[in-house]
Amino acid sequence: MQYISTRNTELRVKSAAAIKKGLSEEGGLFVPEEIPVISEADLNKLVKMNYTERAVFVLKKYLTDYLVKELRECAENAYGGGKFDTETPAPLVNLEDGMNVLELWHGPTCAFKDMALQILPHFLTKAMKKTGEDKTVVILVATSGDTGKAALEGFRDVDGTKIIVFYPSEGVSDIQKLQMITQQGKNVCVSGIAGNFDDAQSGVKAIFTDDAANAEFLKNGCVMSSANSINWGRLVPQIVYYVSAYCDMVASGQVEMGGKINICVPTGNFGNILAAYYAMKMGIPVNKLICASNKNNILTDFINTGEYNRNREFHTTISPSMDILISSNLERLLFDLASNDAKKVNKWMSDLKEKGEYTVSADIKKKLSKLFWAGCCDDYFTKECIYKTKQKYGYTIDTHTAVAVDVYNQYKTETGDQTPAVIVSTASPFKFNQSVLSALGKDNEAKGMDDFELLDLLSNVSEMQIPESLKKLKGAEKRFEGVCGKDELLDTVSKFIRK
Ligand SMILES: *Cc1c(COP(=O)(O)O)cnc(C)c1O
């Protein structure tokens, strides 16, 4: 299978090259030329498989220049080797009839980013061999909190790679920050930036397309790559858990084979929900994809009106991994909805860059509303949802998952649709302990507590165990406390690669 760029369909590369490069040189994103299909007969087989086997089945349809044996190695290393604290990496938890939560946070960094970033380094090191790459691949990451840590964990001490992560210094939770600045490994670097996630992401994207920066990398024996969800190697493992969730629902009798489901995803950069879209295009029977946003509701407006307008206030919320105004992966959806018309995509993306907005045609808007439903939820209702979910089901959710549960409830109230649903849970509540405790009415008890006392308190209140990886942060050495200016990213990167 060949991959083409959303901004230049003449450009064709194999999956290994697409994964190594991350972003196409003219700024477009790699997408498969056509989306492979899973038949009902395939699904019947998949129902009987475990997660790793399901992963290999889906991966081999996309990464056709990898041997099946190689993909099996990748999947076993990522999902089979005790890195996840549950029997299966992505368990589906039933809350009530027709309402399921897909827990994607049982990996080493307690957020769903592990599902992809535990496997991406294996794809990448194999891609380097395949493409005869002898330079050091430097992974540049902009993070709203969770990607950074997950990428650092995935790439630490991986031969032939270095990784540098930028996070908004005031835009992440205490635990998230602690996770990153205490990162171990010889090939890692972490820096705060004095700006928000969009500044970090734009800064990193600018380095990718900067000729002088690329020349400097080469001079130092390095090439750049990305572990952000713009990298195809991030998206394809995410398709797997939607396929897997459907199989689990069939296996448990919640849906008959071929019956439709709804999927509700808390969304920021549009990566996770895009993976659900690809799963649907492959043949997973989906009725609606429900896009849940926090107060940064640019996607809600876009799906409801067809106008994407980033000229608006940026809000810092208690679901910081969704505090995003430029959802990069939307470009892949638009490319698909526009029937692979790169000209249109180029126009929208240049409008976005120059004017901060674009509007899609009525025809594309129609396709959008047929499949997607969108809603948003501010901090007040996020907290209320955490409280009510605990009251009703005895189940504690994090702030991001709460946005999805709230929007799912809005959807049901508004439409009355009873289609069985999967609500995607993207982080462990312990990662956002302060906000979760506050939502559960524990402000008084939590007052004056340090992060580790908060973990203990939340463990008592939720009757859940504290994830080992978070416990271990206590007393860990702080290795990276620096913060750079918005326009100093390249300097920081240059220093790191010259080391
Ligand atoms: C990254 C992240 C999201 C948003 O996912 P996208 O793929 O960017 O839409 C939601 N919740 C959590 C906890 C995250 O880490």
Side-chain angles (χ1 to χ4, degrees), residues 29 101-117 120 141-153 165 167-168 171-173 175-177 179-180 197-198 200-201 226-232 234-239 241-242 263-279 289-294 296-300 302-303 317-333 372 374 376-377 382 386 397-407 423-433 435-436 467:
L29 308 183
V101 177
L102 182 61
E103 291 183 349
L104 298 178
W105 42 262
H106 290 285
T109 77
C110 309
F112 90 93
K113 307 293 198 290
D114 288 326
M115 297 304 299
L117 283 162
L120 179 67
V141 183
T143 184
S144 55
D146 292 328
T147 298
K149 178 61 185 180
L152 288 161
E153 260 321 294
V165 170
Y167 68 93
V172 300
S173 82
I175 289 278
Q176 285 179 311
K177 189 164 179 172
Q179 281 185 306
M180 287 189 278
F197 172 70
D198 288 319
Q201 177 160 261
S226 151
N228 278 94
S229 56
I230 51 179
N231 190 318
W232 180 254
R234 273 280 301 275
L235 266 171
V236 66
Q238 296 184 229
I239 299 171
Y241 50 72
Y242 291 108
I263 301 175
C264 180
V265 188
T267 310
N269 221 358
F270 210 76
N272 204 356
I273 192 165
L274 181 74
Y277 175 79
Y278 283 125
L289 294 173
I290 302 165
C291 177
S293 300
N294 64 22
N296 295 295
N297 60 354
I298 189 163
L299 286 166
T300 318
F302 174 65
I303 289 169
T317 73
I318 57 172
S319 45
S321 301
M322 295 155 65
D323 289 346
I324 291 174
L325 291 182
I326 305 175
S327 300
S328 297
N329 265 303
L330 189 59
E331 180 167 342
R332 286 186 163 112
L333 175 71
F372 288 89
C376 56
C377 166
T382 303
I386 293 171
I397 51 178
D398 94 293
T399 47
H400 304 77
T401 308
V403 169
V405 172
D406 183 83
V407 169
I423 300 171
V424 176
S425 176
T426 49
S428 157
F430 288 98
K431 222 172 166 172
F432 301 92
N433 52 26
S435 305
V436 173

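Order of listing sets the numbers, starting from 1, for every ligand and every atom in it. Everything numeric in this text was worked out from a predicted model, so none of it was measured.
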message: If you take the centroid of each ring, where Trp contributes its six-membered ring, are Tyr278 and Trp232 closer together than 6.0 Å?
response: yes
Between ligand 1 and the protein, give all atom pairs where both partners are nitrogen or oxygen and the distance is under 3.5 Å, as lines of names plus distance to 0.1 Å.
residue, atom, partner, partner atom, Å
ligand 1, 7 (O), Gly271, N, 3.3
ligand 1, 7 (O), Asn272, N, 2.9
ligand 1, 8 (O), Asn269, N, 2.8
ligand 1, 9 (O), Gly268, N, 2.8
ligand 1, 9 (O), Asn269, N, 3.3
ligand 1, 9 (O), Phe270, N, 3.2
ligand 1, 11 (N), Thr426, OG1, 2.8
ligand 1, 15 (O), Lys113, NZ, 2.5
ligand 1, 15 (O), Asp146, OD2, 2.4

- request: Start with the C-alpha gap between Thr426 and Trp105, add the side-chain angles, then the distance that decides, and say whether side-chain hydrogen bond (donor to acceptor under 3.5 Å, both in side chains) holds.
  value: CA-CA 6 Å; Thr426 49; Trp105 42 262; over 6 Å; no
field: Check: Asn228 side chain, Ala142 main-chain N or O, donor-acceptor pair, under 3.5 Å
entry: yes
message: For Asn297, give me all partners under side-chain hydrogen bond (donor to acceptor under 3.5 Å, both in side chains), at least two apart in sequence or on another chain.
response: Arg312
message: Which residues pass the salt bridge (charged side-chain N to carboxylate O under 4.0 Å, His left out) test with Asp146, not counting sequence neighbours?
response: Lys431
task: List in chain and number order the residues that pass side-chain hydrogen bond (donor to acceptor under 3.5 Å, both in side chains) with Asn272, two or more places apart in sequence or in another chain; answer none if no residue qualifies.
output: Gln238, Tyr241, Tyr242
